[in-house]
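Below is one structure; the comments refer to it alone.
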Amino acid sequence: MAQVDVEMPKMGESITEGTVIAWHKQPGDEVEQDEILLEIGTDKVDTEVPSPKGGVLTETLVEEGDTVEVGTIIATLDTDTAAAEVDADDAPPAEAPADDEAAADEAADDAFDADAEDEAEAAPLETDSEEAASPAPSGDEVEVVMPKMGESITEGTVVAWYKDIGEAVAIDETILEIGTDKVDTEVPSPAEGVLTEKLVEEGETVEVGTVVALLASEAEAGSVEPPASDEPDATQETAPEADEAELPSTPPSGDGAVPDADEPQRAPEETITRRGDDGRFYSPLVRSIAKEEGLRMSELESLEGSGRGGRVTKEDVLAYLDEREEAPAAPASAPERPPRPGRSDEGPPARGDYTVDEGPSDEELRQQYGDRIEVQPMDRMRKMTAEHMVRSKATSAHVTSFAEADVTGLVQLREANKEAFREREGVKLTYTPFFVKAAVEALREHPLLNASVEGDKIVIKHDFHVGIAVAIGNKGLLAPVIRNAGDYNVSGLARKAANVAERARNKELQPDELQGGTFTVTNIGSLGSLMGTPIINQPQVGILATGAIQKRPVVVENDGLGDAISVRHMMYLSLSYDHRIIDGAMGSSFLQRVVTELESFSADADLF
């Protein structure tokens with residue numbers, strides 16, 4: 001017997017243990033390589049564990065609900081008795097394949113939609129495999145999976161499908177667009193063929209590695225019929241909703257006796273589904289806790305989620321259970337929603353507490369403002385920007401200081417080198433790398449500006465990860481991060497800035513590239529603004545805005561010969577900082593250090 005151990009997988013640098021939520025296979029079951037064995041969870045994410053080899057599951061060493069450390073052996077496989085070795089002569093009785101097939105189908109369905117569990121149980125099992133199988137187009141089937149978008153990103157939301165079922169797609173052609181709370185990304189086709197099936201709807205959030213679509217690599221366009229409408233046929237019998245299900249007229253008790261007609265009958269248990277009536281997603285971990293604690297679906301839907309987009313987290317459920325235990329005499333109706341955080345008496349809102357509501361309807365707006373208006377819904381990027389900015393203003397006490405710099409030498413330096421730089425480096429020499437360089441030098445002398453506030457503690461960062469604001473047309477703003485910016489000269493910073501700016505505009509950034517910044521520089525002058533009062537990018541404590549460079553007459557000292565009026569290239573700088581830990585004196589000192597650095601550049605400087 002060739003035995004293979006299945007270990008508790010590593011799910012991130014900070015994750016050291018996981019909890020077994022559910023086993024999808026039992027000892028004695030045959031499994032294929034990469035078929036789901038079990039589902040595990042942490043306080044951050046739930047994930048499915050695939051089989052490392054094909055064979056038979058011989059033993060499960062951890063029970064559902066057990067929490068074990070990463071690397072612990074949780075099951076064993078016998079790879080010598082794989083299903084592939086069983087030929088027709090040695091086939092098991094006829095009933096076995098149907099059971100195994102049904103179990104495998106149910107496990108596969110669970111991976112995408114837990115709501116299908118009730119329907120699968122109610123539907124009769126098909127014993128004729130030819131009738132059960134749906135016709136498929138010719139060609140090899142290719143899976144399109146939710147891609148990994150960074151070390152800390154475990155799930156993504158389908159923003160939009162660019163292709164419909166039956167359409168031909170070329171290799172690397174965009175099939176769909178996915179998003180996280182940081183960035184939207186287009187997903188290219190891994191092969192040429194025809195889109196045969198969409199397994200995830202727009203707006204649905206799934207984990208990294210989930211199969212979201214299927215392609216037939218050799219099928220022809222038009223050979224695949226679009227799916228029928230999702231609306232149920234009026235002639236089909238559907239299971240009643242949990243809260244409307246009819247009770248049996250004579251429900252038997254445990255001893256077979258019929259309860260007295262006057263005795264109150266207990267309503268049937270509500271099914272905890274993957275999504276509620278409001279479309280909100282409930283993770284397997286949350287559903288597992290709710291089921292174990294006997295919560296109703298209506299109770300889950302009444303909770304104010306603290307996760308992204310109002311998602312209900314493990315902590316939300318546990319907090320609700322604690323409150324329910326403390327107040328057992330509360331009425332049986334749905335609990336009152338707690339007030340939304342963010343008011344002055346509750347402290348700043350946590351991430352995800354502020355959301356953009358739908359507001360009044362188009363008709364209500366026209367009644368208020370008249371017919372000569374145009375109503376445009378916010379896109380995802382604008383909603384994310386709104387959430388981030390409101391949260392930042394509610395978190396930090398914003399103060400903005402201003403300064404002016406004579407950057408004539410810098411302008412001359414760039415003009416003298418920009419053509420040669422472009423030929424040598426392949427990118428434009430903009431002013432942004434000079435601004436980042438000056439900011440880093442000022443941060444070295446003012447480390448408190450390179451910090452974050454965590455409760456009543458100040459965390460000072462010794463690495464300079466500088467975000468640079470990039471405008472994405474009229475859609476919004478992103479701030480990709482140049483990591484370890486203090487390790488680069490102007491030439492290196494120019495290449496880094498050009499690279500992340502281009503990929504930000506082309507939707508090629510990974511979410512990790514928008515996280516971990518310690519300070520931000522925004523060049524509002526490139527858009528024509530003279531000065532501005534930028535909002536801090538949380539959890540940072542400072543952001544530098546550089547205004548437009550303009551020629552102006554300026555009074556200058558003429559080598560001891562008195563004052564003179566000269567035409568110089570001038571610009572304004574503004575620094576917004578968190579007044580909780582940065583005082584005006586330090587903010588002004590930081591700005592003056594930036595000015596000194598910018599004014600030190602000259603046409604003959606050797607920076608490359």
CA sep, side-chain torsions, deciding dist, call: Trp161, Ile175, side chain to side chain contact (heavy atoms under 4.5 Å, CB included): CA-CA 6 Å; Trp161 283 98; Ile175 294 181; 3.6 Å; yes

Trace of the side chain to side chain contact (heavy atoms under 4.5 Å, CB included) decision for Lys198 with Ile165: CA-CA 7 Å; Lys198 298 177 183 177; Ile165 293 176; 4.2 Å; yes

Over all atoms of both residues, closest heavy-atom pair of Val70 and Pro9: CG2-O, 3.7 Å

Heavy-atom check, side chain of Val466 versus side chain of Val521, under 4.5 Å: yes

Test item: Ile468 and Ile482 side chains (from C-beta on) under 4.5 Å apart, heavy atoms: yes

Gap between atom CG of Leu199 and atom CD of Glu143 - 0.5 Å precision: 8.5 Å

Nearest non-hydrogen partners of Ala451 and Ile458, listed with the distance: CB-CG2, 4.0 Å

Met8 CE to Thr72 OG1 distance, which is reported to the nearest 0.5 Å: 7.0 Å

Glu39 and Val49, any side-chain heavy atoms less than 4.5 Å apart: no

Contact check, side chains of Ser396 and Val453, non-hydrogen atoms, under 4.5 Å: no

Polar contact flag, side-chain donor to acceptor under 3.5 angstrom, Glu141-Thr196: no

pair Val212-Ile178: side-chain heavy atoms closer than 4.5 Å: no

Full working for side-chain hydrogen bond (donor to acceptor under 3.5 Å, both in side chains) between Glu35 and Ser51: CA-CA 5 Å; Glu35 188 176 3; Ser51 176; over 6 Å; no

Under 3.5 Å: donor-acceptor pair, side chain of Ser392, backbone of Met389: no

Heavy-atom donor-acceptor pair, Lys163 side chain to Val194 backbone, under 3.5 Å: no

Donor-acceptor pair, side chain of Gln540 and main chain of Gly517, under 3.5 angstrom: yes

Which residues share a ring-ring contact (aromatic ring centres under 6.0 Å, His included) with Phe464, sequence neighbours left out: none

Check: Pro190 and Val145 side chains under 4.5 Å, non-hydrogen atoms: no

Over 12 foreign heavy atoms within 6.0 Å of CD, Glu202: yes

Donor-acceptor contact below 3.5 Å, side chain His24 vs main chain Leu38: no

Glu7: side-chain contact (heavy atoms from CB on, under 4.5 Å) partners, not counting sequence neighbours: Ile73

Closest approach of Ala485 to Leu493 (non-hydrogen atoms, all atoms of both residues): O-CD2, 3.7 Å

Polar side-chain atom of Asn450 near backbone of Asp463 as donor-acceptor pair, under 3.5 Å: yes

CD1 on Ile536 to OG on Ser452, rounded to 0.5 Å: 12.0 Å

Evaluation steps, side chain to side chain contact (heavy atoms under 4.5 Å, CB included), between Tyr320 and Leu295: CA-CA 10 Å; Tyr320 170 69; Leu295 294 182; 3.7 Å; yes

Nearest heavy-atom neighbours spanning Thr174 and Tyr162: CG2-CD2, 3.0 Å

Nearest heavy atoms of Val200 and Val211, plus distance in Å: CG2-O, 4.3 Å

Student check: side-chain heavy atoms of Thr395 and Arg580 closer than 4.5 Å: yes

side-chain contact (heavy atoms from CB on, under 4.5 Å) involving Val4 - partner list, sequence neighbours excluded: Pro52, Lys53, Leu77, Thr79

Heavy-atom pair with the smallest gap, counting every atom of Lys25 and Leu57: O-CD2, 3.6 Å

Donor-acceptor contact present, side-chain Glu204 to main-chain Val158, <3.5 Å: no

Check against side chain to side chain contact (heavy atoms under 4.5 Å, CB included), Val500 and Val470: CA-CA 9 Å; Val500 296; Val470 177; 5.6 Å; no

Euclidean distance, Gln26 CD relative to Thr60 OG1, rounded to 0.5 Å: 6.5 Å

Val436 and Tyr488, any side-chain heavy atoms less than 4.5 Å apart: no

Polar side chain donor-acceptor pair, Glu173 to Ser189, under 3.5 angstrom: no

Euclidean distance, Leu214 CG relative to Leu195 CG, rounded to 0.5 Å: 8.5 Å

Atom pair CD (Gln538) and CD1 (Ile543), whose distance is rounded to the nearest 0.5 Å: 10.5 Å

